[in-house]
Participant: 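My structure is below; once you've seen it, I'll send some questions.
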Amino acid sequence: MKTRRFRSTATSPGIAIGKIYRLHNRGAAFMRTWIREQDVDGEILRFRTAIQKSKEQLSHIQAKMCRFQGDDQIKILESHRMFLQDDMFVAATITHVSESMINAEWALDKTLAHLKLSFLNVDEEYFRERLQDIDYVGRRVMNNLMGSPEMPLSELPAGEIILVAHDISPCEVAGIPRDRVRGFVMEGGGETSHSAIISRALEIPALFGLKGIVEQVSDDEIAVVDGMKGLLIASPHKRELEQYRTVQEKYVALERILLQDIDLPAETKDGHRIRIDANMELVEELPSIDEHGAEGVGLYRTEYLFLNRLDEPSEEEQLANYIEVLTALDPRPVTIRTIDLGGDKISPSHSYESQTNPALGLRAIRLCLRELPMFKVQLRALLRASMHGNLRILLPMISSMEELTRVKRVISDVKRELTTKKIAYNPDVPVGIMIEVPAAAIMSPELALECDFFSIGTNDLIQYSLAIDRGNELVSDLYNPFHPAVLRMIRMTVDAAKKAKIPVAVCGELAGEPLAVTLMVAMGLDSISMNPISIPRIKKLLRAITQRQSKTLLRDVLKLKTAGEVENLLRKRTSHLLPGEVRQLDILGGQEEKVNV
Ligand code: PEP
Ligand code: MG
């Protein structure tokens, strides 16, 4: 086959070589078509067949589940099967097909939308359970209508695979079998979408935002993912493939060199210390956190405990998980963030994806304050776990003083409950907030007086301040951390923290961005928390600069008016500071000639 090259956002570094495997249906948009009178029966038959198939699949899952799952899960599946017999669902879709003369997928989508809407006014818990059923069952029937049903990623064939998909959710990415999947290419998503963050955590070279790629490559075709240049090469020429194998070896060797220095302190040449922590999503990442020399965990995204399952994790289950992380790192600090569900992280047990604008909707702390029993279970587990290590609790998406006051009240209630029951906890566990909404950055002087630390979530701060959906590939070119407005907000937040004498960190992806290190040093951040794979590079860079130089650079940067100017100046004034082998390793990112092939 002829060699083809596709360019996109480099999402996760490294070189992957393997055979393409396409996941057809995931996240694919369905077709909306008008049909002719004579096609109505055929369309209804297609829908009925999809329903039948869905029923069979659910029976099969239920039969398999009986052996090792509890009653609750079985009851949920039973209610899903009942739903497939429900007239409001089946008959309504058939009516849409025959009366509106539309294809089955479109009719099904209409039914689902109507059903969700009609449940919005029902008693809260009941409506939540029904919404969840609607999503689960609706998705299954839609997949069956559109062709082959979704295959769990754990069942991917053996071999070295380059996985190509329309869009897959962060929790599915977390389940990617690393023994087989060498590289990952997705049509949707931006560099700081949660699926992208997970692919970096799993150290899988990845490219996101390659629109139309599923249809432009073939299964079993040999391909290279160049995670530095942001390039997919399908059917590369033999010579180019060989060259890439050499680049791959070189990359691995240079990574090894970087790892040799991980125990050196994270300090500038003139002795300024900044703590380097790791972000984590799954306990499986603990070994990687140690291997890459993290001084602590700056962000544990606990919402991943809630994804990929039908029920919520119990207090005991969460407690065991938090203790595992705390003891693994003890005495190093571990910042555990409370549930940040919503946006692109949808849990089956809290499926609010019917929201038109989920990033601006019931997400993170808003969801927790609405779902107090769930939030209290987590807080109880966290407080109990505080006896087992150096815990800090972090609250996501705080956007006002009232919100913080409400959360603090809930924490006090939970503490009081524990005291009454004589259950041990650390009463002084620090509670900090994410600064990731512009309102919080602006209110940072006041908020700083009411909490123990700040952690700046640049991924969302950029999304919300520049009004750019971080997961939308159509606007990913506009998503830029070096926008002067973003830098000013970070600066404002750091200054407020300093004034209130509370520690301040950055835990968004900017923390692992080599070009930003000088700025973060100059601003006076106490710590930066990043994907473990970024730590060795950032540490190396940190050890090559001085705080004095950084401050001069920050002063110049803050005078600039555009992101482009900022980036150019940083590149110009930072690249020469780096040792040659690190420069070769693409440490400053973003340029075409990064790896010479
Ligand atoms: C952020 O928004 O920068 C952040 C760290 O949180 P998340 O990426 O989980 O939204
Ligand atoms: Mg965030």
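Bear in mind the structure is a predicted one, so any value in this text is a computation, not a measurement. All ligand and atom numbering here is 1-based and tracks the order in the structure.
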Participant: Quick one: do the Tyr322 and Gln378 side chains pair a donor with an acceptor below 3.5 Å?
Facilitator: yes
Participant: Under 4.5 Å between any side-chain heavy atoms of Ile393 and Ile336, yes or no?
Facilitator: no
Participant: Hey, does Arg363 come in under 3.5 Å of ligand 1, counting only N/O atoms on both sides?
Facilitator: yes
Participant: Would you mind running through ligand 1 and noting each atom that sits below 4.0 Å from a heavy atom of Ile197?
Facilitator: 8 (O)
Participant: Can you name the one residue among Arg337, Arg363, His194 that meets side chain to side chain donor-acceptor pair (under 3.5 Å) with Glu303?
Facilitator: Arg337
Participant: Does any N, O or S atom in Asp460 come within less than 2.8 Å of the Mg ion (ligand 2)?
Facilitator: yes
Participant: When you compare ligand 1 with Glu509, is there at least one nitrogen or oxygen pair between them that comes in under 3.5 angstrom?
Facilitator: no
Participant: Identify the closest protein heavy atom to atom 4 (C) of ligand 1: which residue and atom is it, and at what distance?
Facilitator: Met434 CE, 3.6 Å
Participant: I need the contact type for Leu299 against ligand 1. Using non-hydrogen atoms and a strict under-4.0 Å cut-off, is it side chain, backbone, both or neither?
Facilitator: side chain
Participant: What is the name of the N/O/S atom of Glu436 that is nearest to the Mg ion (ligand 2)?
Facilitator: OE1
Participant: Determine, considering heavy atoms only, which of Glu281, Arg470, Glu303, Glu436 sits nearest to atom 10 (O) of ligand 1.
Facilitator: Arg470
Participant: For atom 6 (O) of ligand 1, what's the nearest protein heavy-atom neighbour? Residue, atom name and distance, please.
Facilitator: Arg337 NH1, 2.9 Å
Participant: With Arg392 as the cation and Phe453 as the aromatic partner, state whether NZ or CZ is under 6.0 Å from the six-membered ring centre and within 45° of the axis.
Facilitator: yes
Participant: Please write down residue, atom name and distance for the protein heavy atom closest to atom 7 (P) of ligand 1.
Facilitator: His194 NE2, 3.2 Å
Participant: Which bit of Thr192 is near ligand 1, meaning a heavy atom under 4.0 Å away: side chain, backbone, both or neither?
Facilitator: neither
